[in-house]
Amino acid sequence: RQVECFDFVIFGGTGDLSMRKLLPSLFQRDLAGQIPAGARIIGVSRSPLNAAAFRAMADEQARPHLHGTPDPAAWAAFLTRLEHVRLDALSEDGWPVLADLLAPAPERIRAYYLATAPGLFGIICQRLHQAGLVTPQARVVLEKPLGHDLASARAINAAVGAVFAEHQIFRIDHYLGKETVQNLLALRFANSLFEPLWNARHIDHVQISVAETVGVEKRGEFYDQTGALRDMVQNHLLQLLCLVAMEPPSHMTQDAVRDEKLKILRALRPISAAELAQVTVRGQYRPGAIDGQAVDGYVEDLGHDTSETETFVALKAEVCNWRWAGVPFYLRTGKRLARRTSEIIIQFRPPPHNIFPADSGPVQPNRLVVRLQPDEGITLHLMGKDPGPGGLRLRPAPLNLSFAETYGTHYPDAYERLLLDVVRGNSTLFMRRDEVEAAWQWAEPVLTGWAATHQPVRPYAAGTWGPSAAVALIERDGRTWQDDD
Ligand code: BG6
């Protein structure tokens, strides 16, 4: 359904995120007929561009990121929605120009998307306020990571909160917009099959892996000050953990879901400095090969001589509550790994007693694999009998649900869903202030502990599954990473 008319203002409008994700996603929704005539997209940046030059830039830089080959007329029509305002967040100039552009439609929904360094969030909000641009229909969208530690996240939340009410603030974590991540909610709460088993009595452990084959690309400067823990674990991986571990909310409303996620974040066992070397691993990629292509290491990509930033993290987390006590959650993410794959593996406990003779082969525990990307789907690994007359031999057999085969549709990019949720004012799939702060509260001691105890950044060759210490981390507990299917 079409949303209400809006002006979508992107701070950092000429940047990478805008060109790769935001503009293509808005176009896709335009194609689907959800964007009303007259809705505008206003890029804000320090570049001296007029609307025509910004449209030309989008044509050159955003078009390659569209899904398939777009209808030229539809793309050309979309481009006419684009405007540009030159403005430096740190100076007073430019704001009156933005105010003039927005003035004719004061009642309209306004979404201010801050695709800038988080250090600018507070000042941009203050200037929006001073320019009289924060109307009741305005919303602000904050890109992650929100700050670089708990104190900076709190300061940003306070500065933004001084101008916008909480219901106007949309803290984005694009993983929550992924179809397959939302499907996790459906799997857990629209089926009665799994819920009775979804606890420490039946589940041995959980693995959450988000593996990328890309390196740091053009984001070296940002990434080197951020690292994998802040870039991925503090937000995306913890959000996935929350969706796996949370109690059933009583309804699918924004605060009911977020209240349950918050309880999980608050139940995460703090990792002490003394145990960091046992339960966390930091790594950094070295030259190697991905799909047979030689690739550089991290410092070469960065153009520096050295760096202590991690591009890989593996760790063991625990949720201290009745449902999960004693169940390890192994989290792992990294750049330049062997294969692009994001998946959640729920490994059940083995049957309590094996009735089969030794020559039947081992009974492997059941595993539920939720594949978030690519090849989205769900596989339940069961044990079965090897067909044939030769005695009772056991063999693992997958029960496989491939979303592409079953539903056959193209999945919209996560941003498509989330950007329209902003316009609709629905923040269920966005992080609330207390959630972000609780996530930092758990992540920050890991960062400070690493620094205080000089945790080494272990090298791994690009195209592998990370440093061998990550394997040791899970094997110490008698378990293995499941990345071999
Ligand atoms: C972003 C991180 O939030 O997520 C990137 O900043 C990462 O470093 C990206 O590459 C991964 O997203 P996706 O949707 O490609 O899995």
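Computed from a prediction, not measured in an experiment: that's the story for all the values here. What you see below is based on every heavy atom in this structure, not just the backbone, and it leaves out hydrogens, waters and symmetry mates. Order of listing sets the numbers, starting from 1, for every ligand and every atom in it. By convention here, the first residue in the shown sequence is residue 1.
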Quiz item: Looking at Glu444 and Asp149, what are the two nearest heavy atoms and their distance?
Solution: OE1-CB, 3.1 Å
Exercise. Evaluate the side-chain proximity of Arg81 to Asp30: yes if any heavy-atom separation is below 4.5 Å, no if none is.
Key: yes
Self-check item: atom 14 (O) of ligand 1 [closest protein heavy-atom partner, distance rounded to 0.1 Å]
Solution: Lys178 NZ, 2.6 Å
Quiz item: Which protein heavy atom lies closest to atom 12 (O) of ligand 1, and at what distance to 0.1 Å?
Solution: His174 NE2, 3.1 Å
Exercise. Flag yes if more than 12 heavy atoms outside Glu217 fall under 6.0 Å of its CD atom; otherwise flag no.
Key: yes
Practice problem: May I ask you to check whether Tyr113 and Phe11 place their ring centers less than 6.0 Å from one another? | Solution: no
Practice problem: May I ask you to identify the nearest protein heavy atom to atom 16 (O) of ligand 1, giving residue, atom name and distance to one decimal place in Å? | Solution: Tyr175 OH, 2.5 Å
Practice problem: If the plane angle is over 60° it's perpendicular, under 30° parallel, otherwise tilted; pick one for Tyr285 and Tyr298. | Solution: perpendicular
Quiz item: Looking only at heavy atoms of Tyr223, does any of them come nearer than 4.0 Å to an atom of ligand 1?
Solution: no
Quiz prompt | Side chains of Gln284 and Phe312 in contact at under 4.5 Å (non-hydrogen atoms) | solution = no
Quiz item: Should you measure from each heavy atom of Lys335, which atoms of ligand 1 turn up under 4.0 Å away?
Solution: 5 (C), 7 (C), 8 (O), 10 (O)
Quiz item: Hey, does Gln455 have a side-chain heavy atom less than 4.5 Å from the side chain of Val281?
Solution: no
Exercise. Looking only at protein heavy atoms, identify the closest one to atom 6 (O) of ligand 1 and say how far it is in Å.
Key: Asp231 OD1, 2.6 Å
Practice problem: Tell me which protein heavy atom sits closest to atom 11 (C) of ligand 1, plus the residue, atom name and distance to 0.1 Å. | Solution: Glu212 OE2, 3.5 Å
Exercise. Pull out every atom of ligand 1 sitting under 4.0 Å from any heavy atom of His236, numbered as shown with elements.
Key: 1 (C), 3 (O), 4 (O)
Practice problem: Measure from atom 3 (O) of ligand 1 to every heavy atom in Glu143, Lys21, Lys144, Glu217 and give the option owning the shortest one. | Solution: Lys144
